Amino acid sequence: MKKFDLPQLEDFPIESFQQDLIGWFTEEMRDLPWRKDQDPYKVWVSEIMLQQTRVDTVIPYFNRFIEQFPTIEALATADEEKVLKAWEGLGYYSRVRNLQAAVQEVHETYGGVVPNTPEEISRLKGVGPYTTGAVLSIAYGVPEPAVDGNVMRVISRVLSIWDDIAKPSSRKIFEQAIRELISHKNPSYFNQALMELGALVCTPTSPSCLLCPVREHCHAFHEGVTSELPVKTKKKSTKRVRLASAILVDSSGKIVLHKRPSSGLLANLWEFPMAEVNAFSTPREDLVRFIQEHYSEQVELEKVQLDKIEHIFSHLVWEVDVFVGTISGSIKEPGARFVTADELEGDYALPVSHQKMWKSFKAERK
DNA sequence: AAATCGGGGAG
DNA sequence: CTCCCAGATTT
(Lines give C-alpha, C1' and ligand atoms only; values in the text may rest on other atoms or scores of the structure.)
Protein backbone atom coordinates (compact mmCIF):
# COMPACT_ATOMS: atom_id res chain seq x y z
CA MET A 1 0.00 0.00 0.00
CA LYS A 2 1.32 3.37 -1.07
CA LYS A 3 1.78 6.04 1.52
CA PHE A 4 0.38 8.81 -0.68
CA ASP A 5 -2.38 8.61 -3.27
CA LEU A 6 -1.21 12.00 -4.45
CA PRO A 7 2.33 12.06 -5.89
CA GLN A 8 2.42 15.81 -5.16
CA LEU A 9 2.69 14.95 -1.47
CA GLU A 10 5.87 12.89 -1.85
CA ASP A 11 8.23 15.81 -1.34
CA PHE A 12 5.78 18.29 0.10
CA PRO A 13 7.13 20.16 3.16
CA ILE A 14 4.12 19.46 5.35
CA GLU A 15 5.38 20.98 8.61
CA SER A 16 6.55 24.15 6.93
CA PHE A 17 3.21 24.47 5.18
CA GLN A 18 1.33 24.03 8.46
CA GLN A 19 3.49 26.60 10.19
CA ASP A 20 3.14 29.25 7.48
CA LEU A 21 -0.58 28.69 7.23
CA ILE A 22 -1.36 28.67 10.95
CA GLY A 23 1.03 31.53 11.64
CA TRP A 24 -0.76 33.67 9.06
CA PHE A 25 -4.17 32.76 10.46
CA THR A 26 -3.11 33.59 14.01
CA GLU A 27 -2.21 37.10 12.89
CA GLU A 28 -4.88 37.81 10.30
CA MET A 29 -8.03 35.98 11.35
CA ARG A 30 -11.20 38.03 11.32
CA ASP A 31 -12.97 38.85 14.56
CA LEU A 32 -16.16 36.84 14.08
CA PRO A 33 -18.92 36.29 16.65
CA TRP A 34 -18.61 32.49 16.55
CA ARG A 35 -14.92 32.75 17.34
CA LYS A 36 -15.44 34.27 20.79
CA ASP A 37 -15.41 30.82 22.35
CA GLN A 38 -15.42 27.16 21.31
CA ASP A 39 -18.85 26.23 22.61
CA PRO A 40 -19.69 23.18 20.43
CA TYR A 41 -23.32 24.33 20.14
CA LYS A 42 -22.36 27.76 18.83
CA VAL A 43 -19.73 26.32 16.50
CA TRP A 44 -22.37 23.95 15.21
CA VAL A 45 -24.97 26.68 14.64
CA SER A 46 -22.43 28.83 12.81
CA GLU A 47 -21.37 25.97 10.54
CA ILE A 48 -24.96 25.21 9.56
CA MET A 49 -25.64 28.88 8.84
CA LEU A 50 -22.46 29.20 6.82
CA GLN A 51 -23.39 26.38 4.44
CA GLN A 52 -23.51 28.00 1.00
CA THR A 53 -23.84 31.36 2.72
CA ARG A 54 -21.38 34.24 3.05
CA VAL A 55 -19.89 35.33 6.35
CA ASP A 56 -21.27 38.87 6.09
CA THR A 57 -24.78 37.53 5.56
CA VAL A 58 -24.55 35.14 8.50
CA ILE A 59 -23.21 37.51 11.19
CA PRO A 60 -26.48 39.30 12.09
CA TYR A 61 -28.48 36.06 11.87
CA PHE A 62 -26.01 34.28 14.14
CA ASN A 63 -26.09 37.01 16.77
CA ARG A 64 -29.89 37.14 16.86
CA PHE A 65 -30.20 33.35 16.82
CA ILE A 66 -27.81 32.80 19.72
CA GLU A 67 -29.44 35.60 21.69
CA GLN A 68 -32.82 33.96 21.21
CA PHE A 69 -31.64 30.34 21.57
CA PRO A 70 -28.46 30.51 23.68
CA THR A 71 -28.18 26.80 24.50
CA ILE A 72 -28.98 23.31 23.26
CA GLU A 73 -31.78 23.25 25.81
CA ALA A 74 -33.26 26.52 24.55
CA LEU A 75 -33.31 25.45 20.91
CA ALA A 76 -34.49 21.93 21.68
CA THR A 77 -37.55 23.19 23.51
CA ALA A 78 -38.30 26.20 21.29
CA ASP A 79 -41.44 26.64 19.20
CA GLU A 80 -40.84 25.57 15.59
CA GLU A 81 -42.49 28.69 14.18
CA LYS A 82 -40.20 30.94 16.19
CA VAL A 83 -37.14 29.02 15.04
CA LEU A 84 -38.21 29.31 11.41
CA LYS A 85 -38.92 33.01 11.89
CA ALA A 86 -35.36 33.49 13.19
CA TRP A 87 -34.10 31.89 9.98
CA GLU A 88 -36.40 33.96 7.71
CA GLY A 89 -34.49 35.29 4.70
CA LEU A 90 -31.43 33.09 5.20
CA GLY A 91 -32.55 30.42 2.76
CA TYR A 92 -32.18 26.63 2.63
CA TYR A 93 -34.80 26.33 5.35
CA SER A 94 -34.39 22.57 5.78
CA ARG A 95 -31.10 23.45 7.46
CA VAL A 96 -32.85 24.89 10.50
CA ARG A 97 -35.48 22.18 10.71
CA ASN A 98 -32.73 19.55 10.65
CA LEU A 99 -30.71 21.57 13.16
CA GLN A 100 -33.53 21.71 15.67
CA ALA A 101 -34.27 17.99 15.21
CA ALA A 102 -30.59 17.19 15.72
CA VAL A 103 -30.34 19.46 18.76
CA GLN A 104 -33.37 17.70 20.23
CA GLU A 105 -31.59 14.39 19.74
CA VAL A 106 -28.46 15.70 21.46
CA HIS A 107 -30.65 17.02 24.27
CA GLU A 108 -32.42 13.70 24.77
CA THR A 109 -29.87 11.07 23.76
CA TYR A 110 -26.54 12.67 24.63
CA GLY A 111 -27.56 14.61 27.74
CA GLY A 112 -27.19 17.91 25.96
CA VAL A 113 -23.54 17.33 25.07
CA VAL A 114 -22.60 17.46 21.36
CA PRO A 115 -20.90 14.12 20.61
CA ASN A 116 -17.19 14.23 19.77
CA THR A 117 -16.75 11.25 17.45
CA PRO A 118 -17.18 11.29 13.65
CA GLU A 119 -19.55 8.32 13.81
CA GLU A 120 -21.95 9.88 16.30
CA ILE A 121 -21.93 13.48 15.13
CA SER A 122 -22.30 12.62 11.45
CA ARG A 123 -25.40 10.63 12.31
CA LEU A 124 -27.19 13.83 13.36
CA LYS A 125 -29.62 15.37 10.87
CA GLY A 126 -28.08 18.00 8.62
CA VAL A 127 -24.53 17.13 9.67
CA GLY A 128 -22.65 15.94 6.59
CA PRO A 129 -18.95 15.34 5.94
CA TYR A 130 -17.97 19.02 6.04
CA THR A 131 -19.86 19.94 9.21
CA THR A 132 -18.62 16.79 10.94
CA GLY A 133 -15.01 17.82 10.40
CA ALA A 134 -15.63 21.48 11.15
CA VAL A 135 -17.32 20.94 14.51
CA LEU A 136 -14.93 18.18 15.59
CA SER A 137 -11.80 20.16 14.75
CA ILE A 138 -12.92 23.60 15.91
CA ALA A 139 -14.82 22.63 19.07
CA TYR A 140 -12.93 19.51 20.12
CA GLY A 141 -9.53 19.70 18.43
CA VAL A 142 -10.02 16.44 16.55
CA PRO A 143 -7.88 16.23 13.37
CA GLU A 144 -10.70 15.56 10.89
CA PRO A 145 -10.81 17.18 7.43
CA ALA A 146 -13.44 19.88 6.82
CA VAL A 147 -13.58 20.17 3.06
CA ASP A 148 -15.73 22.98 1.72
CA GLY A 149 -15.56 25.01 -1.48
CA ASN A 150 -12.74 27.17 -0.10
CA VAL A 151 -10.61 24.19 0.84
CA MET A 152 -11.06 22.51 -2.53
CA ARG A 153 -10.07 25.72 -4.29
CA VAL A 154 -7.01 26.33 -2.11
CA ILE A 155 -5.78 22.74 -2.15
CA SER A 156 -6.44 22.28 -5.86
CA ARG A 157 -4.03 25.17 -6.40
CA VAL A 158 -1.45 24.30 -3.77
CA LEU A 159 -1.19 20.68 -4.93
CA SER A 160 -2.16 21.28 -8.58
CA ILE A 161 -5.13 18.91 -8.52
CA TRP A 162 -7.11 18.93 -11.75
CA ASP A 163 -10.11 16.80 -10.79
CA ASP A 164 -13.49 18.47 -11.38
CA ILE A 165 -14.55 19.82 -7.97
CA ALA A 166 -18.20 19.81 -9.10
CA LYS A 167 -18.17 16.02 -9.01
CA PRO A 168 -19.17 14.47 -5.68
CA SER A 169 -16.39 11.89 -5.94
CA SER A 170 -13.70 14.61 -5.96
CA ARG A 171 -14.33 15.55 -2.35
CA LYS A 172 -12.71 12.31 -1.18
CA ILE A 173 -9.47 13.21 -2.94
CA PHE A 174 -9.29 16.49 -1.06
CA GLU A 175 -10.23 14.82 2.22
CA GLN A 176 -7.37 12.40 1.76
CA ALA A 177 -5.00 15.27 1.01
CA ILE A 178 -6.12 17.06 4.18
CA ARG A 179 -5.64 13.92 6.26
CA GLU A 180 -2.00 14.00 5.19
CA LEU A 181 -1.58 17.74 5.62
CA ILE A 182 -3.59 18.57 8.74
CA SER A 183 -1.81 19.73 11.86
CA HIS A 184 -2.43 17.34 14.75
CA LYS A 185 -1.19 19.99 17.11
CA ASN A 186 -3.83 22.52 16.03
CA PRO A 187 -6.48 21.02 13.75
CA SER A 188 -8.86 23.87 14.54
CA TYR A 189 -6.60 26.62 13.26
CA PHE A 190 -5.43 24.49 10.34
CA ASN A 191 -8.95 23.95 9.01
CA GLN A 192 -10.09 27.49 9.72
CA ALA A 193 -6.94 28.88 8.15
CA LEU A 194 -7.56 27.06 4.87
CA MET A 195 -11.08 28.48 4.71
CA GLU A 196 -9.96 31.94 5.77
CA LEU A 197 -7.25 31.86 3.11
CA GLY A 198 -9.81 30.87 0.49
CA ALA A 199 -12.13 33.67 1.55
CA LEU A 200 -9.54 36.46 1.85
CA VAL A 201 -6.56 35.62 -0.39
CA CYS A 202 -6.99 32.54 -2.56
CA THR A 203 -10.23 33.84 -4.09
CA PRO A 204 -12.03 32.30 -7.08
CA THR A 205 -10.96 35.07 -9.48
CA SER A 206 -7.76 37.10 -9.26
CA PRO A 207 -6.26 35.60 -6.10
CA SER A 208 -3.81 37.79 -4.15
CA CYS A 209 -0.84 35.48 -4.53
CA LEU A 210 1.61 38.22 -3.55
CA LEU A 211 -0.02 38.32 -0.11
CA CYS A 212 -0.29 34.55 0.25
CA PRO A 213 1.50 32.97 3.22
CA VAL A 214 1.89 29.63 1.41
CA ARG A 215 2.82 30.98 -2.01
CA GLU A 216 6.20 29.25 -1.91
CA HIS A 217 4.49 25.90 -1.39
CA CYS A 218 1.93 26.47 -4.16
CA HIS A 219 2.34 24.30 -7.26
CA ALA A 220 -0.18 26.31 -9.27
CA PHE A 221 1.65 29.55 -8.49
CA HIS A 222 5.01 28.17 -9.60
CA GLU A 223 3.45 26.69 -12.74
CA GLY A 224 1.52 29.88 -13.49
CA VAL A 225 -1.86 28.13 -13.60
CA THR A 226 -3.70 29.66 -10.64
CA SER A 227 -6.33 31.10 -12.97
CA GLU A 228 -7.05 27.64 -14.41
CA LEU A 229 -7.69 26.03 -11.03
CA PRO A 230 -9.88 24.71 -9.65
CA VAL A 231 -11.51 22.85 -12.52
CA LYS A 232 -15.26 23.13 -12.15
CA THR A 233 -17.91 22.24 -14.72
CA LYS A 234 -20.79 24.67 -14.81
CA LYS A 235 -24.35 23.80 -14.03
CA LYS A 236 -27.17 24.00 -16.50
CA SER A 237 -29.56 26.93 -16.64
CA THR A 238 -32.68 27.43 -14.58
CA LYS A 239 -36.29 26.70 -15.46
CA ARG A 240 -38.95 29.38 -15.40
CA VAL A 241 -42.28 29.00 -13.58
CA ARG A 242 -45.24 31.35 -14.09
CA LEU A 243 -47.28 32.02 -10.95
CA ALA A 244 -50.05 34.31 -9.77
CA SER A 245 -50.61 35.35 -6.18
CA ALA A 246 -53.11 37.52 -4.30
CA ILE A 247 -53.02 39.50 -1.10
CA LEU A 248 -56.56 38.89 0.09
CA VAL A 249 -58.17 41.02 2.79
CA ASP A 250 -61.35 40.24 4.69
CA SER A 251 -63.95 42.68 6.07
CA SER A 252 -61.97 43.15 9.29
CA GLY A 253 -58.73 43.94 7.47
CA LYS A 254 -57.06 40.59 8.11
CA ILE A 255 -54.95 38.93 5.44
CA VAL A 256 -55.00 35.36 4.18
CA LEU A 257 -51.82 33.35 4.68
CA HIS A 258 -51.21 29.76 3.63
CA LYS A 259 -48.68 27.36 5.13
CA ARG A 260 -46.57 25.56 2.55
CA PRO A 261 -46.15 21.76 2.73
CA SER A 262 -43.63 20.25 5.15
CA SER A 263 -41.33 19.12 2.36
CA GLY A 264 -40.00 20.57 -0.83
CA LEU A 265 -39.31 24.17 -1.77
CA LEU A 266 -39.66 26.68 1.09
CA ALA A 267 -41.09 23.95 3.30
CA ASN A 268 -43.28 25.13 6.21
CA LEU A 269 -42.98 28.79 5.32
CA TRP A 270 -46.08 30.99 5.02
CA GLU A 271 -47.19 32.65 1.80
CA PHE A 272 -50.05 34.51 0.15
CA PRO A 273 -52.35 32.20 -1.82
CA MET A 274 -50.57 31.40 -5.06
CA ALA A 275 -51.37 29.37 -8.17
CA GLU A 276 -49.42 28.12 -11.13
CA VAL A 277 -50.38 29.74 -14.41
CA ASN A 278 -51.31 27.54 -17.34
CA ALA A 279 -49.49 28.31 -20.57
CA PHE A 280 -52.77 28.91 -22.39
CA SER A 281 -54.59 31.11 -19.88
CA THR A 282 -54.08 34.41 -18.12
CA PRO A 283 -52.69 34.76 -14.58
CA ARG A 284 -55.92 36.40 -13.39
CA GLU A 285 -58.11 33.57 -14.72
CA ASP A 286 -56.06 30.82 -13.15
CA LEU A 287 -55.70 32.67 -9.87
CA VAL A 288 -59.43 33.34 -9.46
CA ARG A 289 -60.23 29.73 -10.32
CA PHE A 290 -57.63 28.54 -7.80
CA ILE A 291 -58.87 30.80 -5.01
CA GLN A 292 -62.52 29.87 -5.58
CA GLU A 293 -61.66 26.18 -5.51
CA HIS A 294 -59.36 26.22 -2.49
CA TYR A 295 -60.51 29.21 -0.43
CA SER A 296 -63.89 30.80 -1.14
CA GLU A 297 -66.26 31.53 -4.01
CA GLN A 298 -66.69 35.06 -2.68
CA VAL A 299 -63.53 36.68 -3.95
CA GLU A 300 -63.05 39.91 -5.88
CA LEU A 301 -59.69 40.94 -7.34
CA GLU A 302 -58.95 44.59 -7.99
CA LYS A 303 -58.94 45.55 -11.67
CA VAL A 304 -55.39 46.79 -11.68
CA GLN A 305 -52.61 44.32 -10.94
CA LEU A 306 -50.46 45.34 -7.97
CA ASP A 307 -47.05 44.19 -9.20
CA LYS A 308 -45.06 41.67 -11.16
CA ILE A 309 -42.17 40.03 -9.33
CA GLU A 310 -39.29 37.94 -10.58
CA HIS A 311 -37.58 35.83 -7.97
CA ILE A 312 -34.46 33.80 -8.75
CA PHE A 313 -33.66 30.54 -6.98
CA SER A 314 -30.66 28.30 -7.59
CA HIS A 315 -32.47 25.98 -9.97
CA LEU A 316 -35.56 27.92 -11.08
CA VAL A 317 -37.10 31.34 -11.59
CA TRP A 318 -40.50 32.44 -10.35
CA GLU A 319 -42.42 35.00 -12.38
CA VAL A 320 -45.24 36.09 -10.10
CA ASP A 321 -48.14 38.33 -11.11
CA VAL A 322 -49.38 39.92 -7.89
CA PHE A 323 -52.98 40.95 -7.27
CA VAL A 324 -54.95 42.48 -4.40
CA GLY A 325 -58.48 41.45 -3.53
CA THR A 326 -61.18 41.02 -0.93
CA ILE A 327 -62.52 37.73 0.31
CA SER A 328 -65.47 36.63 2.47
CA GLY A 329 -67.29 33.49 3.45
CA SER A 330 -65.81 30.39 5.02
CA ILE A 331 -62.38 29.20 3.93
CA LYS A 332 -62.00 25.64 2.69
CA GLU A 333 -58.22 25.34 2.79
CA PRO A 334 -57.14 23.90 6.17
CA GLY A 335 -53.59 25.27 5.83
CA ALA A 336 -54.88 28.84 5.72
CA ARG A 337 -55.46 31.47 8.35
CA PHE A 338 -56.36 35.13 8.68
CA VAL A 339 -53.73 37.33 10.31
CA THR A 340 -53.27 41.00 11.10
CA ALA A 341 -50.51 43.00 9.48
CA ASP A 342 -48.54 43.02 12.75
CA GLU A 343 -48.87 39.27 13.15
CA LEU A 344 -47.77 38.73 9.56
CA GLU A 345 -44.60 40.70 10.14
CA GLY A 346 -43.83 39.49 13.66
CA ASP A 347 -44.91 35.88 13.86
CA TYR A 348 -44.87 34.33 10.40
CA ALA A 349 -41.80 33.35 8.36
CA LEU A 350 -42.32 34.35 4.73
CA PRO A 351 -39.96 33.67 1.83
CA VAL A 352 -38.26 36.74 0.44
CA SER A 353 -40.42 36.62 -2.69
CA HIS A 354 -43.57 37.09 -0.62
CA GLN A 355 -41.90 39.71 1.55
CA LYS A 356 -41.40 41.64 -1.68
CA MET A 357 -45.13 41.37 -2.38
CA TRP A 358 -46.00 42.55 1.11
CA LYS A 359 -43.66 45.50 0.79
CA SER A 360 -45.23 46.41 -2.52
CA PHE A 361 -48.69 46.14 -0.97
CA LYS A 362 -47.79 48.42 1.92
CA ALA A 363 -46.16 50.99 -0.37
CA GLU A 364 -49.27 51.10 -2.58
CA ARG A 365 -51.62 51.43 0.34
CA LYS A 366 -50.09 54.33 2.28
C1' DA B 1 -24.32 10.88 -10.38
C1' DA B 2 -27.70 14.26 -10.73
C1' DA B 3 -31.30 17.06 -8.89
C1' DT B 4 -33.11 19.71 -5.19
C1' DC B 5 -32.93 23.31 -1.89
C1' DG B 6 -32.44 30.33 -1.05
C1' DG B 7 -30.65 34.27 -1.24
C1' DG B 8 -27.36 37.76 -2.02
C1' DG B 9 -22.92 39.78 -3.42
C1' DA B 10 -19.08 40.30 -6.68
C1' DG B 11 -17.15 41.03 -11.18
C1' DC C 1 -25.46 38.47 -17.16
C1' DT C 2 -22.57 34.35 -14.49
C1' DC C 3 -20.50 32.53 -10.68
C1' DC C 4 -20.30 31.01 -6.04
C1' DC C 5 -20.61 31.03 -1.34
C1' DA C 6 -17.59 27.44 5.87
C1' DG C 7 -23.14 21.69 1.81
C1' DA C 8 -26.75 18.11 2.89
C1' DT C 9 -30.32 15.30 1.35
C1' DT C 10 -33.12 13.00 -1.88
C1' DT C 11 -33.80 10.63 -6.13
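So that the names make sense, note that chain A is the first sequence line, chain B the second, and so on, each numbered from 1. The model shown is predicted, which means the values in this text are computed figures rather than measured ones.
Within the 4.0 angstrom heavy-atom criterion, base atoms lie near A/W34. Here A/R30 lies in heavy-atom contact (under 4.0 Å) with a base. The residue A/R171 sits apart from the nucleic acid: no heavy atom pair falls under 4.0 Å. Across all strands, A/S94 comes closer than 4.0 Å to no nucleic acid atom at all (heavy-atom distances). Heavy atoms of A/K125 sit under 4.0 angstrom from primed sugar atoms or phosphate atoms, though from no base atom. Residue contacts shown for A/S46 are absent, as no nucleic acid heavy atom lies under 4.0 Å away. Residue-level contact check: A/Y130 touches the bases, meaning some heavy atom is under 4.0 Å from a base atom. Across all strands, A/V127 comes closer than 4.0 Å only to sugar-phosphate atoms, never to a base (heavy-atom distances). Residue contacts shown for A/R35 include a base, since a base heavy atom lies under 4.0 Å away. At the heavy-atom level, A/G89 lies under 4.0 Å from the strands shown only through sugar-phosphate atoms.
Separating the CD1 atom of A/I312 from the C1' atom of C/dT2 is a distance of 11 Å, rounded to the nearest angstrom. As a whole-Å value, the separation of A/E144 CD from C/dA6 C1' is 16 Å. In this structure, CD1 of A/I165 is placed 13 Å from C1' of C/dG7, rounded to the nearest angstrom. At whole-Å resolution of the value, CG in A/N150 and C1' in C/dG7 are 12 Å apart. With rounding to whole Å, A/L90 atom CG is found 13 Å from C/dA6 atom P. In this structure, A/I48 places its CD1 atom 9 Å from C1' of C/dG7, rounding to the nearest Å. Taking atom CZ of A/F190 as the reference point, atom P of C/dA6 lies 17 Å away to the nearest angstrom. Atom pair A/R54:CZ and C/dG7:C1' shows a separation of 15 Å (rounding to whole Å applied).
Across the P atoms, B/dT4 and C/dA6 are found 24 Å apart, a figure rounded to whole Å. Nucleotides C/dT11 and B/dG6 have their P atoms positioned 15 Å apart, rounded to a whole Å.
Taking CH2 of A/W87 as the start and CZ of A/R97 as the end, the distance is 12.5 Å to the nearest 0.5 Å. The CD atom of A/E144 sits 9.5 Å away from atom CG of A/N191, with the distance rounded to the nearest 0.5 Å. Residue A/T203 holds its OG1 atom at 9.5 Å from CG of A/L197, rounded to the nearest 0.5 Å.
If A/A134 and A/L124 are placed on DNA chain C by their nearest nucleotide, the residue sitting closer to the 5' end is A/A134. Projected onto DNA chain C by closest heavy-atom contact, A/E310 and A/L50 fall at different nucleotides, the more 5' of which corresponds to A/E310. Comparing A/S169 and A/H311 by the nucleotide of DNA chain B that holds the closest heavy atom to each, the one mapping nearer the 5' end is A/S169. The nearest heavy atom of DNA chain B to A/S314 and to A/T205 marks one nucleotide each, and the one closer to the 5' end goes with A/S314.
Looking at A/K259 and A/E271, no side-chain N of the basic residue comes within less than 4.0 Å of a carboxylate O on the acidic one, giving no salt bridge. The existence of a salt bridge linking A/R240 and A/E319 is confirmed by a sub-4.0 Å separation between a basic side-chain nitrogen and an acidic carboxylate oxygen.
If you walk DNA chain B from 5' to 3' and mark each nucleotide with an atom closer than 4.0 Å to a heavy atom of chain A, the marks span B/dA1 to B/dG8.
Cation-pi check for A/R64 over A/Y61 is met; the charged atom lies under 6.0 angstrom from the ring centroid and within 45 degrees of its normal.
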Step by step, would you call A/K42 with A/D37 a side-chain contact (heavy atoms from CB on, under 4.5 Å)? CA-CA 8 Å; A/K42 284 187 253 179; A/D37 59 57; 2.7 Å; yes
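For A/K232, the listed nucleotide lying nearest its side chain is C/dC5; candidates were C/dT9, C/dA6, C/dC5.
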Acceptor/donor pairs from residues 297-304 of chain A side chains to any protein atom, 3.5 angstrom cut, sequence neighbours excluded:
{"unit_1": "A/E297", "atom_1": "OE2", "unit_2": "A/K332", "atom_2": "NZ", "d": "3.3"}
{"unit_1": "A/Q298", "atom_1": "OE1", "unit_2": "A/S328", "atom_2": "OG", "d": "3.1"}

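For A/S160 and A/Q8, the side-chain atoms include no donor-acceptor pair closer than 3.5 Å.
A/Q51 has no side-chain polar atom (N or O) that falls below the 4.0 Å cut-off from OP1 or OP2 of C/dG7.
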